[in-house]
Amino acid sequence: STLQKVKPTKFDEKIKDVQEKTDSSDWNDAKMAAGKFAISNMLGSMSYLYGDRQIFDDNGKIVSTPPTSLFAVVPDRPDHAHPFMWDEGFQQHLVSVWNKNLTYEIITHGSTRLIKNQAGLLENRCLAAKVDGQLPHHPILELIDANPPSQHLLLDTLLNRFEAGEDGYDQFVDFLAGIYDNFKLNVEWFLDTQSSELLPNTFRWRGRTPAYCLASGMDDYPRAPIMTEQEAHLDLQVWMIVSTRAISRIAKVLGKTED
């Protein structure tokens, strides 16, 4: 059909446009094919979800919320039929090169659904699956368990791109204004719940065991076998540097001098 002929052509034209906006000197046929495969799968994984969520109430009890909607990427549909906010921060590096408007909409959907006092509970959308026993190898998340704040790295990267002269700055500022309060809440949650007793301004992943640290995203990365409250984790320390830098830069862009 005409549509079958037009769409692949439009896709190739878009790929070429994206290529020209990047360092295209090292693009060969194999890398181009891999890039097409990656972006096709990423765009095809975008999902609109609607339903209730399982969250913790003020007493630490698991309760259902009224139904709500969510637009996000679902990267592992066969095993985990739900989005992960910390995955989204990495995924949107790719999507934003393809179409920044998609990134703005997805990040806005996620950020506006953060819950006060649970701003770091990044996997609350999959809590129901864990409660139902669909993910028996993962523990139930506690109120102070985190995941890497990868979306803060995304925002930092987008700021760099616009400072380098990328088009659409006014729309980007509008996007930042819409998500700022919730992302500030997210950063404050990390600073509060993941602090270490070792030294001021040091941080440790809560909820780790001697052999496992699900919160870090590097679940089985070797860490000290003897646990103590006087420990700090370098990877989280770096994440917090990225997070506070990003929120500070956004505050300056939006004229939030009090922050």
Side-chain angles (χ1 to χ4, degrees), residues 53-65 72-91 110-111 113-154 183 185-244 246-247:
R53 291 180 293 166
Q54 301 291 305
I55 64 169
F56 292 104
D57 65 12
D58 292 338
N59 298 316
K61 181 182 178 181
I62 297 171
V63 297
S64 295
T65 69
V73 173
V74 179
D76 186 15
R77 196 179 304 275
D79 295 321
H80 306 88
H82 52 77
F84 291 87
M85 283 188 68
W86 81 281
D87 285 12
E88 204 71 80
F90 297 115
Q91 291 154 182
S111 71
R113 282 151 183 78
L114 292 175
I115 304 163
K116 187 176 182 181
N117 298 326
Q118 298 183 42
L121 192 59
L122 302 189
E123 289 185 290
N124 57 25
R125 291 172 192 81
C126 71
L127 184 53
K130 300 184 182 199
V131 171
D132 292 341
Q134 296 176 26
L135 303 176
H137 57 291
H138 283 177
I140 297 295
L141 292 173
E142 300 295 337
L143 280 171
I144 59 171
D145 287 349
N147 275 141
S150 61
Q151 295 195 24
H152 304 172
L153 175 61
L154 169 69
F183 268 102
L185 180 68
N186 191 222
V187 173
E188 290 173 343
W189 182 91
F190 270 92
L191 294 172
D192 180 47
T193 65
Q194 306 303 299
S195 60
S196 169
E197 290 76 10
L198 180 62
L199 290 169
N201 296 318
T202 59
F203 303 92
R204 66 184 180 95
W205 294 111
R206 304 291 174 147
R208 90 166 182 97
T209 69
Y212 204 65
C213 187
L214 177 65
S216 71
M218 299 186 292
D219 303 357
D220 56 356
Y221 182 81
R223 299 183 191 266
I226 300 175
M227 295 177 57
T228 171
E229 293 184 356
Q230 297 294 317
E231 67 183 29
H233 300 139
L234 180 59
D235 54 333
L236 181 54
Q237 193 74 28
V238 174
W239 277 118
M240 295 316 303
I241 291 172
V242 171
S243 294
T244 52
I247 201 69

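Since we're looking at a predicted model, the values are computed, not measured.
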Option among L236, I241, V238 that satisfies the side-chain contact (heavy atoms from CB on, under 4.5 Å) test with F203: L236
Nearest atoms (heavy-atom pairs only) where [X] meets [Y]:
X    : Y    : answer
D235 : S216 : OD2-CB, 3.7 Å
S243 : P149 : OG-CG, 3.3 Å
G89  : S150 : CA-OG, 3.3 Å

Check whether [X] reaches the backbone of [Y] with its side chain - one donor and one acceptor, N or O, closer than 3.5 Å.
X    : Y    : answer
E88  : Q151 : no
T209 : Y212 : yes
Q237 : N201 : yes

Got a second to check how far [X]'s [atom1] is from [Y]'s [atom2], nearest 0.5 Å?
X    : Y    : atom1 : atom2 : value
Q230 : S196 : CD    : OG    : 6.5 Å
T193 : W205 : OG1   : CH2   : 9.5 Å
S111 : L185 : OG    : CG    : 10.5 Å
T202 : H233 : OG1   : NE2   : 10.5 Å
W86  : Q91  : CH2   : CD    : 10.0 Å
F190 : T244 : CZ    : OG1   : 12.0 Å

I'd like to check the salt bridge (charged side-chain N to carboxylate O under 4.0 Å, His left out) partners of D76; sequence neighbours left out, ordered by chain and number. none
List the residues meeting salt bridge (charged side-chain N to carboxylate O under 4.0 Å, His left out) with E197, not counting sequence neighbours, and say none if there are none. R204, R206
Give the C-alpha distance, both sets of side-chain angles, the deciding distance and a yes or no for side chain to side chain contact (heavy atoms under 4.5 Å, CB included) between M240 and L191. CA-CA 8 Å; M240 295 316 303; L191 294 172; 3.6 Å; yes
Could you tell me which residues satisfy side chain to side chain contact (heavy atoms under 4.5 Å, CB included) with V242, sequence neighbours excluded, listed by chain and number? L153, R245
Counting only heavy atoms not in I226 (residues, nucleotides, ligands), do more than 12 fall under 6.0 Å from its CD1? no
